[in-house]
Amino acid sequence: MNVSITDVNSATLVIVEGRLDTMTAGSFETQVMPLASVTTRMVIDMSGLEYISSTGLRVFLLAQKAIGQKGGSLVLCNLRPAIREIFDIAGFSKIFSIVEDRESALAS
Amino acid sequence: MNASTKDLGTIRIPNTMELLPAVLAFAEKVSAIAGFSSQDQQKIMLALEEACLQVLHHSFGKGEEAEFDIRFVGTTNKLEIHLHDMGLPYNPAEIPVFDPEADPDQQDLGGLGTHLIRSVMDEYQYNNLGIKGKELVLIKYSDAREISPEYTVPNEPEVVVPPKGGETPEPIDFDIRQMHSDEAVEVCRCVYDCYGYSYANENIYFPERVSAMNQEGRLFSAVAVTPQGEMGGHFALIYYDNLPAEIGIAVTKKKFRGQGFARQLGEFLESEAVNQGLRGLQVKEVTAHPYTQKFCIKLGYNDCGLLLAHSPKSLSFKGIADTLKQRNSDVLGFKYLKRPASRKIYAPLHHRSMIQHLYSNIGDTVECTLETNPQPSGEQCVVQVKVHHLRSLAEMFVMESGTDTIPALKHEMRKVFVDEIQVIELYLSLCDPMTPQYVPQLEQLGFIFTGILPETAQGDSLIMQYFNGVHIDYDQIVLVTDVAKQLLEYIRKNDLHAG
């Protein structure tokens with residue numbers, strides 16, 4: 001699992017690639033949560049995310065709550081169909097802002 | 001294990017995370033070899049990861065060093081993954097139930113793993129084995145070819161009714177025999193001809209699954225074939241782990257209705273059942289119309305219960321009852337192939353009269369008794385739960401009673417209702433002196449007694465049902481026999497929601 005972080009147009013852009021499973025979710029949380037606690041706009045580009053399990057989903061929810069508490073926004077983009085399906089099953093598609101591409105996410 | 005199932009490997013791992021990636025990599029390889037698509041391989045890995053996490057988090061005490069087994073079994077068209085552990089006893093109160101609709105601010109994702117397992121796997125079973133531990137079985141079917149790409153749907157709906165009196169079709173000399181493996185696709189077409197795509201057992205629309213189920217011994221298909229080689233109909237023996245074999249999936253192509261080969265198929269199957277040493281057969285008879293019930297009476301089946309709302313509304317009968325107004329209810333019929341000895345059963349006092357009436361109806365004699373101070377079999381009950389998502393139905397079997405039976409059943413109810421399962425069918429052993437104690441408690445929860453069934457894995461069983469958001473319109477149920485009508489009125493009287 002790889003995570004790269006940049007600032008784009010006053011938003012924190014997180015690009016996550018690989019697998020978010022029990023073994024890697026801890027590292028993702030360590031990298032994302034400090035940012036989620038300070039930023040008010042975060043975009044997570046998931047085009048390279050191949051797999052996610054419940055431990056990975058948990059980190060997304062934690063990030064959403066942290067940013068939401070400050071009145072900020074978290075937008076997800078470029079979900080692969082298999083990942084989108086898992087988000088649908090978990091009910092996450094209703095509670096996360098999900099858009100098709102990075103440009104739309106950064107513009108929102 | 002029979003010739004068409006293959007042990008693909010068993011892994012025994014310690015109860016730590018370190019080897020989880022290796023287990024998932026093994027699962028990915030096994031599922032690739034089994035022919036699963038890359039998307040399904042990912043789903044299998046996800047379900048297995050979540051299942052392993054459950055074992056790791058809930059089955060062992062802090063600091064306890066232990067192991068658990070993961071066994072991979074492949075058949076012609078599916079992969080089974082069996083997780084078995086001898087960890088902590090099952091405690092229903094400790095396992096949360098995930099609600100995907102919960103307020104995000106309140107959502108803590110407890111139970112999400114179980115929810116994901118159920119959603120990405122085709123079937124699952126979980127067995128509390130008492131002192132033998134716990135087992136979770138995950139099942140995924142490989143991609144299979146449906147009949148639709150090759151079958152031309154008729155342009156105009158054909159409305160066919162059973163022949164009226166006096167109409168006799170030109171008799172055809174059908175060959176009644178066991179299905180050949182390469183005839184599975186024709187069987188599927190027969191089912192479509194009769195039911196469209198509304199038959200609740202979706203496996204019957206996949207030729208590879210029909211063939212595999214016959215090879216694996218889960219189905220014994222008999223067919224009627226014209227001298228020209230055209231398939232006229234199908235009837236089968238369906239085998240279950242916990243219930244007596246069922247005679248079912250009776251379909252006759254519309255053009256051959258009235259030929260009378262269904263009865264010959266039934267007799268052929270009964271002869272096969274006797275040869276297999278089966279002691280009795282059950283049959284489920286739809287109540288949207290009377291024809292199946294009349295046919296089963298002719299075959300010698302007698303009513304022993306009702307399975308209300310057993311099948312979803314989508315089950316229709318082309319040309320006979322095309323649009324069902326509610327979930328379909330079945331009459332449960334039974335026929336002994338080998339008469340059992342007279343015996344004692346533990347029947348709840350307030351249902352004893354009806355229970356004896358049902359036994360008498362199937363030609364059986366039982367003595368109803370009660371123990372003055374019954375004790376459960378052990379500390380922990382053994383409950384098996386089978387969820388049929390397509391039917392929105394869960395079957396629960398109390399294999400062994402325990403001091404925790406009622407709390408365990410309550411917890412299982414919560415779990416299946418989160419999955420929006422509409423109907424629970426609960427089987428309680430009439431050989432267990434605790435059953436008369438449980439029935440009133442379950443009725444307090446909303447269960448209703450709906451019949452009995454001999455020759456289950458627990459001996460004779462008492463059947464109770466629970467309806468989750470399903471209203472039964474008793475007046476819509478079409479019944480033929482007096483016993484079925486009496487039972488329906490008996491059930492209606494006890495149904496607090498009945499109109």
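Reminder, nothing fancy here: chain letters follow the sequence lines and each chain counts from 1. Everything numeric in this text was worked out from a predicted model, so none of it was measured.
In terms of heavy atoms, A:Ala105 sits closest to A:Val75 at CB-CG1, 3.7 Å. A:Ser97 and A:Leu74 make their closest contact through CB-O, 3.8 Å (heavy atoms, listed as atom of the first residue, atom of the second, distance).
With respect to B:Lys43 and A:Glu85, a salt bridge is recorded, a charged nitrogen being found less than 4.0 Å from a carboxylate O. Salt-bridge check for B:Glu80 with B:Lys78: passed, with a basic side-chain N closer than 4.0 Å to an acidic carboxylate O.
The parts of A:Leu57 that come within reach of chain B are both its backbone and its side chain, each placing non-hydrogen atoms under 4.5 angstrom from that chain. Within the 4.5 angstrom heavy-atom criterion, no atom of A:Ala82 approaches chain B.
Of the residues considered (B:Leu112, B:Leu116, B:Leu46), B:Leu46 shows the highest number of contacts with chain A, using heavy-atom pairs under 4.5 Å. Per-residue counts of heavy-atom pairs under 4.5 Å with chain A were compared for B:His115, B:Gln39, B:Glu18; the largest is that of B:His115.
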